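Values in this document were obtained by computation on a predicted structure and should not be read as measured data.
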Amino acid sequence: MLKRSLNLVPARQELYRAKLVFYLFLASLGMFFIGSLITYLIVRRLAFEPHPDAIPGTPMADGPSSYVPLEIPLSFWISTALLLLISFFLQKAVWAVQRQKLSRFQTWLNWSMFGSVMFFAIQAFGMYDLFAQHFSADDGSMKVYGMSFTMAFIHALHVFGGMVFLGYIIVQARRNKYDHERHWAVDHCASYWHFLDVVWACMLITFVVAQ
């Protein structure tokens, strides 16, 4: 028993280091997205305020009335539901591997990958809609909403990274690399997708408030 415990010490240390690096990574991403959202709100406020030196009666002096509010694509709300489903599937996969239900574990992983592919397909329509809104006004009044497209695109890139991570987990699961004792990578993958959920929800709330 003592020998077995001593053998687990390096593994425990490796786990703690992996968790520390992972959560520092999430913290850095979180600060990046928070900074981006704050910048979006500031730019939106400045762009929609009347120009102090504008001639009365001109569009620049009219302020918000001269701008068209951002229309959040319907596909974004659908993709939000898909993100929540992916997180739910991955959490079910974590619970399954903890209980040594490996067949069910792989099933939930496959459903998660299917949901992520559907997310990308539906998200593409929303991205195109935002891109069209960005160039909808010749006077540049909608250029501020190019930031919304950029932020959504950056989030989509992180989702793609999550898909790569998930694909790695699926391959390793088929090689029986995980069991009820060793499933750290699965936990990290699920936490990463939960993080993407929170970021996306904050982005949508910011877009709605900025309308």
Side-chain angles (χ1 to χ4, degrees), residues 17-49 67-91 93-94 112-113 115-135 141-169 184-211:
R17 286 195 296 266
K19 283 187 175 181
L20 177 61
V21 172
F22 176 73
Y23 287 121
L24 286 176
F25 169 70
L26 290 188
S28 64
L29 284 183
M31 289 187 288
F32 168 77
F33 279 110
I34 290 174
S36 300
L37 294 177
I38 293 175
T39 302
Y40 177 83
L41 288 174
I42 294 175
V43 171
R44 183 268 179 198
R45 179 178 177 83
L46 294 177
F48 277 55
E49 286 183 345
Y67 292 90
V68 180
L70 175 70
E71 295 182 6
I72 300 176
L74 176 62
S75 58
F76 274 12
W77 300 107
I78 299 175
S79 60
T80 301
L82 281 173
L83 269 182
L84 294 175
L85 275 177
I86 295 169
S87 284
F88 173 74
F89 293 156
L90 281 173
Q91 192 58 50
V94 171
S112 300
M113 179 58 76
S116 63
V117 173
M118 292 298 297
F119 171 86
F120 253 97
I122 295 176
Q123 190 81 342
F125 292 99
M127 299 291 289
Y128 176 81
D129 194 354
L130 283 183
F131 197 72
Q133 289 189 59
H134 177 65
F135 292 101
S141 60
M142 289 292 288
K143 299 308 180 186
V144 64
Y145 291 123
M147 290 186 63
S148 60
F149 172 86
T150 303
M151 292 167 61
F153 181 74
I154 293 175
H155 181 269
L157 289 179
H158 285 85
V159 171
F160 179 76
M163 290 178 64
V164 174
F165 192 5
L166 178 58
Y168 170 80
I169 297 296
W184 310 335
V186 183
D187 296 343
H188 291 167
C189 185
S191 297
Y192 180 76
W193 280 91
H194 298 337
F195 170 79
L196 292 178
D197 281 359
V198 174
V199 170
W200 182 249
C202 292
M203 287 177 60
L204 277 185
I205 293 173
T206 302
F207 293 160
V208 171
V209 171
Q211 285 181 314

**Request:** Run the numbers on L90 and L166 for side chain to side chain contact (heavy atoms under 4.5 Å, CB included), then give the verdict.
**Result:** CA-CA 9 Å; L90 281 173; L166 178 58; 3.7 Å; yes

Return the minimal non-hydrogen interatomic distance between [X] and [Y], and the atom names on each side.
{"X": "G126", "Y": "P73", "result": "O-CG, 3.6 Å"}
{"X": "F195", "Y": "G30", "result": "CZ-N, 3.6 Å"}
{"X": "L26", "Y": "S191", "result": "CD1-O, 4.5 Å"}

**Prompt:** Would you say the side-chain atoms of Y192 pair up with the backbone N or O of H158, donor to acceptor, closer than 3.5 Å?
**Reply:**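 A pair under 3.5 Å: yes.
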
**Request:** Look only at the side chain of S28 and the backbone of F25, and say whether a donor-acceptor pair between them is shorter than 3.5 Å.
**Result:** yes

**Request:** Report the residue from F125, F119, F120 that forms a side chain to side chain contact (heavy atoms under 4.5 Å, CB included) with Q123.
**Result:** F119

Residue pair [X] / [Y], side-chain heavy-atom distance below 4.5 Å:
{"X": "M203", "Y": "Y40", "result": "no"}
{"X": "W193", "Y": "Q91", "result": "no"}
{"X": "L37", "Y": "C202", "result": "yes"}

Out of curiosity, [X] [atom1] to [Y] [atom2], how far, rounded to the nearest 0.5 Å?
{"X": "Y168", "Y": "C189", "atom1": "OH", "atom2": "SG", "result": "11.0 Å"}
{"X": "L196", "Y": "F33", "atom1": "CG", "atom2": "CZ", "result": "7.5 Å"}
{"X": "S36", "Y": "I154", "atom1": "OG", "atom2": "CD1", "result": "6.0 Å"}
{"X": "L83", "Y": "M118", "atom1": "CG", "atom2": "CE", "result": "13.0 Å"}
{"X": "F32", "Y": "I34", "atom1": "CZ", "atom2": "CD1", "result": "12.0 Å"}

**Item:** Within 6.0 angstrom of M127 CE, more than 12 heavy atoms from elsewhere
**Value:** yes

**Request:** Give me the ring orientation class for W200 and F76: parallel if the planes are under 30° apart, tilted from 30 to 60°, perpendicular past 60°.
**Result:** perpendicular

